Every structure is written in structure tokens, then in C-alpha cells.
Amino acid sequence: MGDTDVTTEPGAPWLIVGLGNPGPEYARNRHNVGFMVADLLAERIGGKFKRAGKAQAQVIESRIGPPGPANRRVILAKPMSYMNLSGGPVTALRDFYKVPTANIVAVHDELDIDYGVLRLKLGGGDNGHNGLKSMTKSMGPDYHRVRFGIGRPPGRMQVADFVLKDFSAAERKELDYFVDRASDAVEALVIEGLERAQSTYNS
């Protein structure tokens, strides 16, 4: 599937998934930027994450968007498995809340995009990202992605070492701004649709 809007069931909920690793030792890693976006969206909604039964995830059920047809029911989630096992919790949430796969949004770090740059898309490959790889294995590739650029590792640093390190001091100066913008992009995708969100945020 390409970068086009899809027609889903009217009134069907959206599942917004921030990808990351659980535990304080990972909290500020580059690989956890999906969790950072989910945490900011939780603040905006005014909700607190709670354990989601057997799904091995933390969730908030809420609504976003203005009153009327653009108002959307959303489930905001952080899988509590490790990144490479994200597919199981996400699939369990999809099935429990009866979310069409095209109404799932994965927010994740992306190596092949410069730091802070966003790319929104529907479907596609996993580009070596273990969270996406697990999700695609569980449910196929036809879900939305909000890709948050973290850039490539410097010199000969291994990718695994790079993504599991905290953002640098220079990067942290702009991190809050970029996480805020990514959160705006998620809301725009869910409320306005992919094409309009892409035109605004695919800078």
C-alpha cells in the first residue's frame, strides 16, 4: 500500500502505538522516542496509562479532535514487551478494541532520516527496525507510521549501540520541540487524514 488515504469503518477507533523499551534505563534512549511522543500525547489528553489486561501494554482510552465528525476515539498504547516483541501486544490490542489495521499508527525512531525530521506513511517495509518487523510479522504491513528521524550513527559506531544511547547534549536542546511536533503530526493524521498530515509535516 502506498502513501494514500484509506477508507475505514466509520466510527472505528484508532490505536496509536509509541514504540520503545520498558524500564528507566531505556527511558531517554533514541530508540524510545515513540514512548516520549506517547507520554506527551497522554499529557495532552489528561489521562494516565494503565495496564491493559493480558495485552502486555499500558493504555489510555480517550478521544481527540474537535466536537463533531472529526472527533476520534483513540487508544494510546505503549507495549511493555521489549521492542523486538512489539507485535504481540499491538495485535492483542487491535483484536480487543476491534481496530482496523489501517487505523493503527506506529510512532518510532528512524535511522535513515535526519534528526528531528518527520515522515508519515502508510504501509511499507520495516527498514531493519525490530519493532516494525515484529508488528508486520503479526499483522501485515498496512498500518500507518510516524517516523521520527534520529540520523545514522557517527563513525564506526554500531547501530544497536547508537539507538540504545541517550540523545546527545546538542540533540536534547531541540528534543522537546521535535517530540511536540511529532505529537502534532499524530493528531493531524488521525483527525485530518494521511495526505493532509503529510503536506504539513513531511518536511
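Fair warning: this is a prediction, and the values are worked out from it, not measured in the lab.
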Among pairs that include at least one residue of residues 145-184, which meet ring-ring contact (aromatic ring centres under 6.0 Å, His included), considering only residues two or more places apart or in two chains?
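Qualifying pairs: Tyr115-Phe167, Tyr115-Phe178.
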Transitively linked via ILVMFWY side-chain contacts under 4.5 Å: [X] with [Y]?
X	Y	value
Ile45	Val37	yes
Val17	Met36	no
Leu41	Ile191	yes
Val107	Ile75	no
Met83	Val59	yes

What pairs of residues pass the side chain to side chain donor-acceptor pair (under 3.5 Å) test when at least one of them lies in [range], not counting sequence neighbours?
range	result
residues 74-93	Asp39-Lys78
residues 55-75	Glu61-Tyr97, Arg63-Asn71
residues 154-164	none

Taking all non-hydrogen atoms of both residues, which atom of [X] and which atom of [Y] are closest, and how far apart?
X	Y	answer
Pro100	Pro13	CD-O, 4.1 Å
Gly88	Ser138	N-OG, 3.9 Å
Ser183	Leu40	OG-CD2, 3.4 Å
Asn103	Ala12	ND2-O, 3.6 Å
Ala188	Tyr201	CB-CE1, 3.7 Å
Pro89	Ala57	CB-CB, 4.3 Å

Rounded to the nearest 0.5 Å, what's the gap from [atom1] on [X] to [atom2] on [Y]? Could you check?
X	Y	atom1	atom2	value
Asp176	Arg181	CG	CZ	15.5 Å
Asp126	Met135	CG	CE	11.5 Å
Glu25	Leu164	CD	CG	10.0 Å
Leu85	Ser134	CG	OG	6.0 Å
His31	Ile150	NE2	CD1	8.0 Å

Does a side-chain heavy-atom distance below 4.5 Å link [X] with [Y]?
X	Y	result
Arg152	Asp112	yes
Leu194	Leu189	yes
Leu132	His108	yes
Leu120	His144	no
Asn29	Lys165	no

Decide yes or no on side-chain contact (heavy atoms from CB on, under 4.5 Å) for Ile60 and Lys48, but give the supporting numbers first.
CA-CA 6 Å; Ile60 297 171; Lys48 290 189 176 181; 5.6 Å; no
Whether the side chain of Thr136 engages the backbone of Lys133 through a donor-acceptor N/O pair (distance < 3.5 Å, no angle test) should be reported.
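Not confirmed, Thr136 side chain does not pair with Lys133 backbone.
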Applying the side chain to side chain contact (heavy atoms under 4.5 Å, CB included) test to Tyr143, which of Ile104, Leu15, Leu122 qualifies?
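Passing option: Ile104.
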Among all residues two or more places apart in sequence or in another chain, which pass the side chain to side chain donor-acceptor pair (under 3.5 Å) test with [X]?
X	result
Asp180	Arg44
Arg28	none
His129	Asp109

Given the rule in the side-chain contact (heavy atoms from CB on, under 4.5 Å) test, do Met139 and Val90 qualify, once you have shown the distances and angles that lead to the verdict?
CA-CA 9 Å; Met139 66 180 69; Val90 176; 3.4 Å; yes
With sequence neighbours excluded, tell me which residues meet side chain to side chain contact (heavy atoms under 4.5 Å, CB included) with Ser168.
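For Ser168, the residues satisfying side chain to side chain contact (heavy atoms under 4.5 Å, CB included) (neighbours in sequence not counted) are Arg30, Ala170, Glu171.
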Who pairs with Ala92 by side chain to side chain contact (heavy atoms under 4.5 Å, CB included), at least two apart in sequence or on another chain?
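For Ala92, the residues satisfying side chain to side chain contact (heavy atoms under 4.5 Å, CB included) (neighbours in sequence not counted) are Ala55.
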Connected-component partners of Met80 among ILVMFWY, side-chain separation under 4.5 Å:
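Members besides Met80, by chain and number: Phe35.
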Suppose we screen for salt bridge (charged side-chain N to carboxylate O under 4.0 Å, His left out). Which residues come up paired with Arg147, at least two apart in sequence or across chains?
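Expected list: Glu110.
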For Asp95, check salt bridge (charged side-chain N to carboxylate O under 4.0 Å, His left out) against everything at least two apart and list the hits.
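Scan of Asp95 (salt bridge (charged side-chain N to carboxylate O under 4.0 Å, His left out), adjacent residues dropped) gives none.
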